[in-house]
Amino acid sequence: VQLQASGGGLVQAGASLRLSCAASGLTFSGYHMGWFRQTPGKGREFVAGIRKNHSITYYADVVKGRFTISKDSARNTVYLQMNSLEPEDTAVYYCAASRRVSYSQSYDDTNAYNYWGQGTLVTVSS
């Protein structure tokens, strides 16, 4: 299984970025997908999640209204559109895949995810 995250970079505050995560080696339709982020010295923080069916989405309060998670099942890819970026959004962003049956109760728990990508760095300057 491989989750290949891309799209990170250095941007100024207020700018937008779109992260992509291409999945291979798994049945994409059978997994819920999530994005987390991590800064030095801190644990991974939930950012957004999307259910495998019906595309119900979940967001951390700090990104709600600015970030949008979506998926393209034909491309086995999940996206994170990030608008109005703030310096506090600076982090390494990771995508992850979950088979958890109780995903609606555990989408923000790193332990709910079976596979992780390698991360892509987002740096937002002020």
Are [X] and [Y] in one and the same hydrophobic cluster, where Ile, Leu, Val, Met, Phe, Trp and Tyr link if side-chain heavy atoms are under 4.5 Å apart?
X      : Y      : value
Ile69  : Val122 : yes
Tyr107 : Trp116 : yes
Val62  : Tyr94  : no
Tyr113 : Met33  : no
Met82  : Val47  : yes

ask   = Taking the inter-plane angle between the rings of Tyr93 and Phe67 on a 0 to 90° scale, is it parallel (under 30°), tilted (30 to 60°) or perpendicular (over 60°)?
value = tilted

request  = Classify the angle between the aromatic ring planes of His32 and Tyr103 as parallel (below 30°), tilted (30 to 60°) or perpendicular (above 60°).
outcome  = parallel

note = Separation between CD1 (Ile50) and OG (Ser98), nearest 0.5 Å, reads 13.5 Å

ask   = About how many Å separate CG of Asp89 and OG1 of Thr39, when rounded to the nearest 0.5 Å?
value = 11.0 Å

I'd like to know if the side chain of [X] and the backbone of [Y] have a donor-acceptor N/O pair within less than 3.5 Å.
X      : Y      : answer
Arg66  : Ser84  : yes
Tyr31  : Ala96  : no
Arg100 : Gln105 : no
Lys52  : Arg99  : no
Gln118 : Ala5   : yes

query = Minimum heavy-atom separation for Arg51 to Ser104, with atom names?
reply = NH1-N, 3.6 Å

key: Check: Tyr59 and Thr68 side chains under 4.5 Å, non-hydrogen atoms   = yes

query = Under a 4.5 Å cut-off applied to non-hydrogen side-chain atoms, are Ser70 and Gln81 in contact?
reply = no

query = Excluding sequence neighbours, so at least two apart, what forms side chain to side chain donor-acceptor pair (under 3.5 Å) with Gln2?
reply = Gln4

ask   = Do Phe46 and Tyr58 make the cut of ring centroids closer than 6.0 angstrom?
value = no

Using residues 10-29 as the side-chain source, report each donor-acceptor pair under 3.5 Å to any protein atom, sequence neighbours left out, with the distance given to one decimal.
from, atom 1, to, atom 2, distance (Å)
Ser16, OG, Asn83, OD1, 2.9

